[in-house]
Amino acid sequence: MANEMEELIGFLSAPSPQVQKVAVDIVRDLTGSEDGLQSLASYSKTVLPSLCRLLGEKKEVSEAATQALVNLSQNSDLASKMIEIGIIKVTMDILYKQGCEITGLLVMLLVNLTQLDSGVESLLQLGDDKVQGLYVMKLVRSFCTSSNEKKDDAFGHVGSILVNISKNKEGRSLLLDSKRGLLKQIIRQFDSTSILRKKGVSGTIRNCCFEADNQIQNLLLISEFLWPALLLPVAGNKVYNEQDTSKMPLELGSALSIEREPVTDTEIRVQALEAVYLIILQGAGRRAFWSVNGPRILQLGYEEEEDPKVMRAYEQIGSLLVEGNDTEEGSMQTSA
């Protein structure tokens, strides 16, 4: 004889939309508490497929189902089970179905699922050469073409998905593939006014720079966009003089010769400096850094920096440049 929880889960598959709605609302509310999550976790074999099937229903049902799955997917064991039943394919199919009304929630579900290696591999479509990377290309396109001016930036959290993807070697290779040009598209979103998008971009760049030892040329191919994204956040707030900007490419020099909004987020500044460090570990990267007057930018930025964590990231670069100054044009000076 079925208990109350089994009956509730059974109602998720009821033929009546009204009954489905009542049942899914109750399940959604249960996922809002730790006790409720634990109770549902015991029935994961039935509740997860049932909720997954409701993603394609009308908004009044699918919204609550997605909210429940977002909450449940914060548990790594449950997230792993969702991935096993193919929820990423279902999510992507519905996300790009015309008239989708739960875009933001589906993106949040993907954020949670891609925190697992299996989720990243599923989203990358590894093992299927014909479609490998297609999902990611769709998400990047949506991230780069959707507006962040609206109150509900439905694709804003794609930046977090890209950070998760770029923690995976295959993910980094996909993003750095010069033929696809995905990283170039992503970097341009750093100009967004959304701190969420900026964090997604900076984290993705930083992770991709771990491939600098074998992808330095692909990184430098997009230097027109890469250096501004990495150096402007750590250049300090002062207006640079012509003597300094004359030694920089136009995209850097013009931005630094006028007043600009400071990047106050510590995480973004640290990630930018870590990315620079990974690039200049390579000879070609170090030469490119000197060619844009990078050491001068970091010197002036360091003079204004007050956060100890960010200062340590500056100093790590300074030490590397000093060590290599016998083969370069000089060294970056840092003041105590």
Side-chain angles (χ1 to χ4, degrees), residues 92 95-96 103-104 106-108 110-111 113-115 119-121 123-126 132-150 153-212 214-234 249 251-252 255 263 265 267-276 278-279 285 288:
M92 288 297 296
L95 184 59
Y96 287 97
T103 300
L106 292 174
V107 171
M108 281 302 302
L110 290 173
V111 172
L113 295 173
T114 53
Q115 290 183 35
V120 171
E121 290 165 6
L123 191 65
L124 290 172
Q125 298 163 285
L126 298 182
Q132 188 168 316
L134 182 61
Y135 287 164
V136 176
M137 290 173 70
K138 284 184 173 183
L139 288 169
V140 169
R141 184 175 66 229
S142 298
F143 183 60
C144 296
T145 57
S146 59
S147 171
N148 66 288
E149 303 303 323
K150 299 176 184 176
D153 182 10
F155 285 101
H157 282 283
V158 168
S160 302
I161 298 172
L162 295 172
V163 171
N164 292 341
I165 289 170
S166 60
K167 292 175 183 175
N168 176 288
K169 188 171 181 64
E170 285 84 359
R172 293 193 293 271
S173 296
L174 173 68
L175 295 176
L176 283 163
D177 184 345
S178 59
K179 292 178 182 176
R180 298 182 192 253
L182 296 179
L183 188 59
K184 179 180 176 180
Q185 296 174 53
I186 294 164
I187 289 177
R188 296 166 88 164
Q189 281 298 299
F190 194 78
D191 292 335
S192 167
T193 56
S194 163
I195 191 69
L196 176 65
R197 284 176 175 252
K198 281 181 179 291
K199 278 190 171 185
V201 173
S202 67
T204 302
I205 297 172
R206 179 253 192 196
N207 289 346
C208 284
C209 286
F210 277 101
E211 295 295 315
N214 53 37
Q215 293 267 16
I216 190 64
Q217 292 307 322
N218 280 342
L219 283 165
L220 296 181
L221 277 174
I222 56 173
S223 59
E224 176 186 353
F225 307 98
L226 183 65
W227 289 125
L230 295 181
L231 294 176
L232 292 180
V234 293
E251 60 272 9
L252 268 177
V263 175
D265 188 275
E267 186 180 0
I268 290 176
R269 300 204 304 282
V270 169
Q271 287 177 336
L273 291 165
E274 288 176 345
V276 170
L278 291 166
I279 289 171

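Bear in mind that the values here come from a model prediction, so they are computed numbers and not experimental data.
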Do Y96 and S142 come within less than 4.5 Å of each other through their side chains, counting heavy atoms only?
yes
Taken in chain and number order and not counting sequence neighbours, the residues that satisfy side chain to side chain donor-acceptor pair (under 3.5 Å) with E211 are K169, R172
Could you give the distance from CG (L139) to SG (C144), rounded to the nearest 0.5 Å?
10.5 Å
Answer yes or no: is there a side-chain heavy-atom contact under 4.5 Å between H157 and L196?
yes
Interatomic spacing from CD in E251 to CG in L226 - rounded to 0.5 Å
10.5 Å
Heavy-atom closest pair, residues S192 and S194:
OG-N, 3.0 Å
Show the numbers, then the answer: is there a side-chain contact (heavy atoms from CB on, under 4.5 Å) between W227 and I279?
CA-CA 11 Å; W227 289 125; I279 289 171; 4.0 Å; yes
Any donor and acceptor pair, going by atom type alone, linking the side chain of N164 with main-chain N or O of V111 inside 3.5 Å?
yes
Hey, does the side chain of Q125 reach the backbone of L134 with a donor-acceptor pair shorter than 3.5 angstrom?
yes
Taking every non-hydrogen atom, the tightest pair across R269 and V234
O-CG1, 3.6 Å
For N207 and S166, work out which heavy atoms get closest and say how close.
ND2-OG, 3.0 Å
Any side-chain heavy atom of E170 within less than 4.5 Å of one from L126?
yes
Which atom pair, heavy atoms only, marks the closest approach of A154 to T103?
CB-CG2, 3.7 Å
CD1 of I268 to CZ of R206, rounded to nearest 0.5 Å, is 13.5 Å
Point-to-point distance, once rounded to the nearest 0.5 Å, from CG of L230 to CZ of F225:
13.5 Å
Residues P228 and L252: closest non-hydrogen pair is CA-CD2, 3.9 Å
Look only at the side chain of R197 and the backbone of F143, and say whether a donor-acceptor pair between them is shorter than 3.5 Å.
yes
Might you work through the side-chain contact (heavy atoms from CB on, under 4.5 Å) test for V270 and E267, ending with a clear yes or no?
CA-CA 5 Å; V270 169; E267 186 180 0; 5.9 Å; no
Heavy-atom side-chain proximity of V107 to I161 below 4.5 angstrom:
yes
Mind checking whether K184 and L221 have side chains closer than 4.5 Å, heavy atoms only?
no
Flag the pair L182 / D177 as yes when at least one side-chain heavy-atom distance between them is below 4.5 Å, and no otherwise.
no
As a quick check of understanding, evaluate side-chain contact (heavy atoms from CB on, under 4.5 Å) for L183 and C208, giving each step before the final call.
CA-CA 9 Å; L183 188 59; C208 284; 4.2 Å; yes
For a quick test of reading the model, state the closest non-hydrogen atom pair linking T114 to G119 and the distance between them.
CG2-O, 4.1 Å
Salt bridge check: are K199 and D265 linked by an N-O gap of less than 4.0 Å?
yes
When rounded to the nearest 0.5 angstrom, what is the spacing between CG in L278 and CG in L273?
11.0 Å
I need the I165 CD1 to L174 CG distance, nearest 0.5 Å.
7.5 Å
